[in-house]
Amino acid sequence: MDLIIKNGTIISPVATYRADIAVTDGKITAIGRNFPEEGAIVIDAGNKLVLPGAIDAHTHLAMPFGGTISADSYMSGTRAAACGGVTTVFDYPLQKKGMKILDLINDKKAICEKEACIDYAFHCCITDLNGGEILDEMEKAVEEGITSFKCFFVYKKEGMMVDDGTFAKLLIKAKEIGAMINIHAENPDLIDLNIEKFMKEGKTSPWYHYLSRPEFVEAEADKRAVHWAKNLQSPLYIVHMADKEGLEAAIDAKKEGHEIYIETCPQYLEFTCDVYKREDGRNFVCSPPMKGQESQDALWNAIKTGGIDTIATDHCPFQSYEKDWGKDDFTKIPNGCAGIENMYPYMLSAANEGKITFNKVVELCCTNSAKIFGCTEKGSLTVGKDADIVIYDPNKEFTISVDNMHSDYDHTIWEGKKLSGYPVMTFSRGKLVYKDGKFLGEPGWGKFVKRVGRN
Ligand code: DUC
Ligand code: ZN
Ligand code: ZN
């Protein structure tokens, strides 16, 4: 045995129990008591919780977007992830029109091999079918362990939007090859209509970012995506759900037995659209935007009642000077916020304060993401799985500040947020990569996670 974590309280999605964990060659090899300690590193986790490393199933690292590139590289983004208890990230490589997706994936793999500090997987964003050849390429991508593909109903000008016909083709193909389609659901025409009107009226502050993409703009697209998925009987994963009406429609479809999965993000659970009235409102500009209190309450309720399947971040930070491009025109603000280091501590703090259970947090941030996306080696503290382990001190108080984060951005929407409890150690396949505020990992340690398809 290489590593023994003893005296801790282990959290699974369904149980909380005291036991020791033994790790050999990066795998969990035993859970029990009284393991022989000779030659092993022994960690005393007394009075601490022992949790699976989280999976952030939604990040945009080094992504060209909004006239620039998102501020975290694969190095700094995965470094920050490790320091927030995340041991696997799912990034979203973005296909440029005309590009082959296998080339895109190979390019990203080459970068991650050098830079990634924790394990990584990809959902591939498809913007163009290249006359149909991408549908064939999807099949090969699945064989290579990329089993999910994203498309956008928005970002027409940016060349990222797909129309309903393309979306339908992707759903049909995905079903056939055991893959999943992830959808960014907002209605582009309604957004354009609203923007045109506000620009004519000189309404250019970040508040109008929200008003150009309010609840019903997202709800229409959520419902449309669900409608297609239901009728084509294809699985569908809705990313960053933020509105009540769309959420309820998707939950209804799930109840009818359709394979629909719903992700939301901590920013929608913490902030409402009121942030866009703040002096620093532009820093909160992301799409979809934060919604009203009713939507936020509905999201928390769906977490408690099982309607929401996963929590991920949509991590896509930009520097202050880039956010400032939209000081006088919200349409010029690059969309996206930071979150990769905050997701797990935020959700665990909610559990520590009694809002939800720790078991629920593990289900949403680890186990479900692994199951839905075919990561057979990840997502729970079980014998045979990778030793991706977080030790959490429920008594440690922590206040988020850009100064104690490990990303490359220069501000965070989470500045000043007080958390009750905080991760104190993160192990990636048995290697200690974070301890007590310090990153201890190394670029190049992270490995590509080859996933299994659904068929
Ligand atoms: N929304 C964002 O806010 N940023 C990245 C991409 C997206 O869809
Ligand atoms: Zn999106
Ligand atoms: Zn995203």
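Fair warning: this is a prediction, and the values are worked out from it, not measured in the lab. Start at 1 and go down the list; that is how both ligands and their atoms are numbered.
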Charged N-O contact under 4.0 Å between E201 and K203: yes
Heteroatom of H184 nearest to the Zn ion (ligand 2) (N, O or S, atom name): ND1
Per-atom contacts, ligand 1 versus C286 - under 4.0 Å to a heavy atom: 3 (O)
Electrostatic pair E186:R213 at N-O distance under 4.0 angstrom: yes
Residue and atom name of the nearest protein heavy atom (relative to atom 3 (O) of ligand 1), distance in Å to one decimal: S287 N, 2.8 Å
Shortest protein heavy-atom distance from atom 5 (C) of ligand 1, along with the residue and atom involved: C316 SG, 3.6 Å
Student check: side-chain heavy atoms of K108 and N106 closer than 4.5 Å: no
Name of the D314 atom (N/O/S only) found closest to the Zn ion (ligand 3): OD1
Heavy-atom nearest neighbour in the protein, as seen from atom 7 (C) of ligand 1, with distance rounded to 0.1 Å: Y155 OH, 3.2 Å
Atom 6 (C) of ligand 1 [closest protein heavy-atom partner, distance rounded to 0.1 Å]: H60 NE2, 3.8 Å
Aromatic ring proximity H240/H58, centre distance under 6.0 Å: yes
Min heavy-atom dist Y92 to ligand 1 below 4.0 Å: no
Nearest non-hydrogen protein atom, atom 4 (N) of ligand 1: N335 O, 2.9 Å
D314 and ligand 1 - part of the residue with a heavy-atom distance under 4.0 Å: side chain
Lys NZ or Arg CZ of K277 over W207 ring: under 6.0 Å, within 45°: yes
Flag side-chain contact, heavy atom, 4.5 Å: F149 against N182: no
Degrees at the Zn ion (ligand 3) between the NE2 atom of H60 and the NE2 atom of H58, nearest 10°: 110°
Salt bridge (charged side-chain N to carboxylate O under 4.0 Å, His left out) between E137 and K140, worked out: CA-CA 5 Å; E137 271 201 289; K140 295 201 190 86; over 6 Å; no
Given F153, F167, Y155, the one that forms ring-ring contact (aromatic ring centres under 6.0 Å, His included) with H184: Y155
Polar contact flag for K150 and ligand 1 (N/O pairs, less than 3.5 Å): no
